[in-house]
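Notes for the one structure printed next.
For this chain, numbers begin at 1 and follow the sequence in order.
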Amino acid sequence: MKKIMNEPRDIIEEMLSGIVTSYPMIVHRVADSRVIARNTTSSYVGIVSGGGSGHEPAHAGFVGDGMLSAAVLGDVFTSPTPDQIELAIEEANNGQGVLLVVKNYTGDILNFEMAKEIAEMNDIAVEIVVVDDDIAVEDSTYTAGKRGVAGTILVHKILGHAAKHGADLPTLKKLGDQVVAATKTIGVALKAATVPEVGKPGFLLAEDEIEFGVGIHGEPGYRREKLQPSKKLAEELVGKLISSYDKKPNEIGVLVNGMGGTPLMEQFIFINDVSDLLKKEKIQVSFHKVGNYMTSIDMQGLSLTFIDLTNTDWQKALTAPVSTISW
């Protein structure tokens with residue numbers, strides 16, 4: 001294992017220090033906690049997200065004006081604790097309540113719900129939006145039901161825009177559920193991630209193998225195959241995503257998300273192939289995003305997300321300027 005680090009046990013604390021050292025104009029760390037919060041204050045509904053570390057820049061990279069109020073980090077691939085989440089809720093609350101955006105993993109759901117109950121006992125109104133955009137498998141090691149993956153970032157962006165423009169907590173909860181329902185993601189891995197404290201890849205793929213549908217914690221996908229050209233990978237993922245909608249969308253946004261170890265060169269090649277396929281399908285693409293947004297440490301691979309923008313005004317929210325580290 002080759003990694004730029006000191007002691008594996010210190011990796012989260014040192015990463016958090018590095019984030020606030022690098023971007024003190026945007027975020028700060030709440031005391032000695034695992035909470036990263038934005039520097040700007042507001043009078044609108046706070047939005048909090050988070051989860052295990054190892055998915056950087058998610059979620060701390062999306063804290064700032066126009067997106068998240070705060071993010072809370074757990075250990076690598078491990079949910080943050082309820083007390084840390086509750087601290088993030090307190091930090092984000094400005095009297096209008098707090099919306100929690102939670103990826104659908106058992107530990108995250110349990111701990112965020114527990115934090116919600118604690119906050120409500122302290123007279124803070126809290127709602128939860130659960131993101132389950134991964135269409136690859138219905139159940140996995142970490143969750144009962146579909147997993148929450150890269151589409152979570154688009155949920156952050158749309159809800160952050162709505163909150164900034166005055167939407168109240170019930171409206172944001174309803175909007176969040178609508179955005180989640182319109183968002184679909186599927187991924188492919190070429191090489192597994194290596195967790196620093198484990199020191200070896202989470203699963204093994206031969207040099208000429210790939211795995212379709214792998215999760216962001218290294219959970220298994222739905223099929224292992226020989227390596228294929230980008231055009232063939234695009235056909236597989238685009239076909240799966242289109243067929244996952246009850247009705248083929250007329251207009252979509254597209255996110256190509258690197259898993260941490262995939263060069264941007266390859267991601268741009270892939271989105272070019274995706275765009276060609278969508279033109280043949282006569283689906284209008286009114287929003288593109290390419291880069292590393294929801295990673296799996298150093299996994300080689302990528303995910304493809306579609307968000308159905310038909311008959312919505314969400315494109316405006318997706319393209320609105322924000323002040324964050326990573327959007």
N/O donor-acceptor pair under 3.5 Å between [X] side chain and [Y] backbone:
| X | Y | answer |
| --- | --- | --- |
| Thr78 | Val76 | yes |
| Asn122 | Ile124 | no |
| Thr295 | Glu56 | yes |
| Glu90 | Leu87 | no |
| Glu211 | Gly221 | yes |
| Asn93 | Gly46 | no |
| Thr152 | Gly148 | no |

Kindly indicate whether the side chain of [X], heavy atoms from C-beta on, has any atom under 4.5 Å from the side chain of [Y].
| X | Y | result |
| --- | --- | --- |
| Arg147 | Glu219 | yes |
| Arg223 | Glu236 | yes |
| Leu255 | Phe306 | no |
| Trp327 | His156 | no |
| Phe112 | Pro80 | yes |
| Tyr44 | Asp168 | no |
| Lys146 | Asp133 | no |
| Leu304 | Val188 | no |

Run the salt-bridge test on [X] and [Y] with the 4.0 Å N-O cut-off and return the result as yes or no.
| X | Y | result |
| --- | --- | --- |
| Asp65 | Arg38 | no |
| Lys232 | Glu235 | yes |
| Lys280 | Asp276 | no |
| Lys279 | Glu281 | no |
| Glu13 | Arg34 | yes |
| Glu127 | Lys116 | no |

Using distance alone, with no hydrogens and no angle criterion, decide if [X] and [Y] have a side-chain donor and acceptor under 3.5 Å apart.
| X | Y | answer |
| --- | --- | --- |
| His217 | Ser296 | no |
| Ser79 | Asn111 | yes |
| Asn250 | Gln284 | no |
| Asn257 | Ser303 | yes |
| Ser286 | Glu251 | yes |

(request) Indicate, with yes or no, if the rings of Tyr293 and His55 have centres closer together than 6.0 Å. (result) no
(request) I would like to know whether Thr262 and Gln300 meet side-chain hydrogen bond (donor to acceptor under 3.5 Å, both in side chains); could you show each step before the answer? (result) CA-CA 5 Å; Thr262 305; Gln300 292 180 15; over 6 Å; no
(message) So, taking the atom named OG in Ser326 and the one named CG in Asn292, what distance separates them when rounded to the nearest 0.5 Å?
(response) 10.0 Å
(request) Please round to the nearest 0.5 Å and tell me the distance separating atom CD1 of Ile128 and atom CD1 of Ile109. (result) 7.0 Å
(request) Tell me, please, whether Phe212 has Lys240 positioned over its six-membered ring: NZ or CZ under 6.0 Å from the ring centre and within 45 degrees of its axis? (result) no
(message) Here's one to test your reading of the geometry: is the NZ or CZ of Lys184 within 45 degrees of the ring axis of Tyr245 and under 6.0 Å from its centre?
(response)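 Because its charged atom sits under 6.0 Å from the ring centre and within 45° of the axis, Lys184 does stack over Tyr245.
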(message) Quick check: is Ile297 connected to Leu205 through a chain of hydrophobic side chains (ILVMFWY, heavy atoms under 4.5 Å apart)?
(response) yes
